[in-house]
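Just so we're clear, the structure is a prediction, and the values are computed from it rather than from any experiment. Residue numbering restarts at 1 for every chain, and letters A, B, ... go by the order of the sequence lines.
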There are 2 protein chains.
Amino acid sequence: MSQLPEQSARTSVPTSADVARAAGVSRATVSYVLNDNTTVRISDATRRRVREAASGLGYVPHAAARSLRAGHSRMVLLPAAHLPAVPLQQRFFTDLQSDLRRLDYTVVQYGSAGLDADEAVRAWAELRPVAVVAPGGVRLTPQGISVLTRSGAKAVITLGPQPVEGAHALVLDQRGVGAGAVRHLLARGRRRIGVVMPQEAGLALFSEPRLAGALHAAETSATGARIQPLPLRYEESSAAELAARWRALGLDSVFAYDDEYAMLLMRALQDAGVEVPAETAVVGAGDLMLGRLLRPRLSTVRMELATAQPPAEMIDRLVRHPGGAPERHDLLRAETVARESS
Amino acid sequence: MSQLPEQSARTSVPTSADVARAAGVSRATVSYVLNDNTTVRISDATRRRVREAASGLGYVPHAAARSLRAGHSRMVLLPAAHLPAVPLQQRFFTDLQSDLRRLDYTVVQYGSAGLDADEAVRAWAELRPVAVVAPGGVRLTPQGISVLTRSGAKAVITLGPQPVEGAHALVLDQRGVGAGAVRHLLARGRRRIGVVMPQEAGLALFSEPRLAGALHAAETSATGARIQPLPLRYEESSAAELAARWRALGLDSVFAYDDEYAMLLMRALQDAGVEVPAETAVVGAGDLMLGRLLRPRLSTVRMELATAQPPAEMIDRLVRHPGGAPERHDLLRAETVARESS
DNA sequence: TTGAAAGCGCTACCAG
DNA sequence: CTGGTAGCGCTTTCAA
């Protein structure tokens, strides 16, 4: 219908005013109809005219304008860690996302790679999210939390190995993983236990608590067991080096951080003539398929997320009743799966 | 300073007007100072006063209001696929994200799990992104592209095995992976080649083109080689079943889709007494660490992303000069790595 | 049952 | 050098 191509090009993004004009009604009516507002009664004929005009023009409401007017958004922000997430976290996010959507939140992942902590928090705050769920690996300080809160976030929640002062916390306590592995090895009669510490950046966040759990389990066992941290890069050469001096270390078992490092190390040990499990028992973590395919089959610590209340509901509750004391929920359950390697 | 707690709570999110009041200047001046607007000259004293007032109040600008006023955003939207991304895509996204940030774009991942195609596209359009990069696994129809374009997106780009009519395309052509594997096996004298087809939802997007490439390579080789698709679930039982009827299939080699399926199948074949590579050669894809740790070491097809122009620059160019014909760029380079399993 | 108008927070004109 | 002000697209009173 437009006769001026260049004008129609400039005006090409249709607004509710365009819909109103096309339907011969006011912008208010358009808003009522498209939002199914029940407090006001509109004739069916008008409803249809508005709907047809909207779809005819390809009208899509402008989220920014809407939330500006409303004074709040329903955006839940998930700052993406710049480091590779563990598969468990990946699945957690996927589930959280669809659960939140069902509660009518808009979930947005925001990558902050290449920003320092302050810039990143500012960038998040500019989006005025109603809630922020920050995974481990994202540096969130108490003052960062304050910036977010003061910019209108009703709930700030950390997700990771340890809580942060002032925020709610979904804790994936990795200590139980290390403790589970060590208790299993102790029960098998092992007493000199190595703990692999990946040297890859970012994994320290997980490996340190696992080591701490291992140490604690050994100390409280009253067996006199010894824990020996073993730095390892995820490379064959690094594993071969470690294997070469294995006998000198005098270890009878090793918790290999996870199944992949376990596979790497087990192969190097076998190549160096160290018998698994006879001479050295090996335990991984994560219960990946590959552990079942190895020979000997890999013992592992399986991890599961157990939640009393689904995280999405918790977030919804915190958003609706903000201001309570920081909550803390432990999500991670660790369970040892004994196979042939230990 | 506020004496009414409940009022200060409601008004707690500071606006540029609050900053202006605190600094004793107008909102315009605040905007000029905080945006380092150079077309207007402001005294250093005023600048400092404004800056101090802003940080004192914890002022953070409101992105929605800003882009509403500006009439455009610099948001690049990455609809997140609901299925697990291949590691290669994961790295691609991370890199793209930081490159785009360097070009001053805001990158946002939007999870559309649980929405059908139309709803999803509408939801994206509501955010008024300046560009959309849709990975494979996200269903994007020509009419979806039109909705996005008409809502102001300057560039719509697909990323995946095959392009979509009307959008620019970053193509990860999986056919070369299958073709590379088959050519390698043909060169090794193999003629009856199985191709593993994962039965997991979502992988068909990758496995079908790989099969097509394998078929094409066999046909054009003039060797009379035969290609046999082999459905397989990522479970030990499924692999064992396949291995049990292996000899009846009469195959002398197999392209196992990727390294993980290769490990699964190779283990099952070995358990069934089928010698690798003597009786059956095995090739994976992805060049994972685990392939190097298997015995025999796994031959694989390594995949790399080779780009003439970095994707971020391409997007920036398309945003600045919209309206050109759809571009298509092939990103995937496949290269066979021969080890011991073939 | 519908329309007019105010205003969310911000920036960019134009006056002073 | 700084301030007043219009208006981005939308929703929601209040009037008609």
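In this structure, the CG atom of Leu34(B) is 13 Å from the C1' atom of dG9(C), given to the nearest Å. When the C1' atom of dT12(D) is taken as reference, atom CZ of Arg41(A) falls 19 Å away, rounded to whole Å.
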Test side-chain hydrogen bond (donor to acceptor under 3.5 Å, both in side chains) on Thr149(A) and Ser146(A) and set out the steps.
-> CA-CA 5 Å; Thr149(A) 312; Ser146(A) 141; over 6 Å; no

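Between Thr46(B) and dC1(D) there is no side-chain polar atom (N or O) within less than 4.0 angstrom of OP1 or OP2. Phosphate proximity of dG3(D) to Thr29(B): present, with a side-chain N or O under 4.0 Å from OP1 or OP2.
Classification of Arg328(B) and Asp330(B) as a salt-bridged pair holds, one side-chain N sitting under 4.0 Å from a carboxylate O.
Minimum heavy-atom separation, Glu327(A) to His168(A): N-ND1, 2.8 Å.
Taking five base pairs at each end of the helix from dT1(C)-dA16(D) to dG16(C)-dC1(D) and finding the rotation axis that steps the C1' atoms of four pairs onto the next four gives two axes whose angle is 50°, to the nearest 10°.
Without hydrogens or angle criteria, Asp316(B) side chain to Ala312(B) main chain gives no donor-acceptor distance under 3.5 Å.
Separating the CD1 atom in Ile157(A) from the CG atom in Leu318(A) is a distance of 5.5 Å, to the nearest 0.5 Å. In this structure, Arg27(A) CZ and Thr15(A) OG1 are separated by 7.5 Å, a value rounded to the nearest 0.5 Å.
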Review item, nucleotides 7-10 of chain D N/O atoms under 3.5 Å of protein N/O:
residue : atom : partner  : partner atom : Å
dG7(D)  : N2   : Arg69(B) : NH1          : 3.1
dC8(D)  : O2   : Arg69(B) : N            : 3.2
dG9(D)  : N2   : Ala65(A) : O            : 3.3
dC10(D) : OP1  : Tyr59(A) : OH           : 2.6
dC10(D) : OP1  : His62(A) : N            : 3.2
dC10(D) : OP2  : Ser16(A) : N            : 2.5
dC10(D) : OP2  : Ser16(A) : OG           : 3.4
dC10(D) : N4   : Arg27(A) : NH2          : 2.0

Could I get a table of every N or O pair under 3.5 Å where one atom is in the protein and the other is in nucleotides 14-16 of chain C?
none

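Here the nucleotide nearest the side chain of Ile42(A), chosen from dT2(C), dG4(D), dA12(C), is dT2(C).
As judged by a 4.0 angstrom heavy-atom cut-off over every strand, Ser67(A) is placed among residues making no nucleic acid contact.
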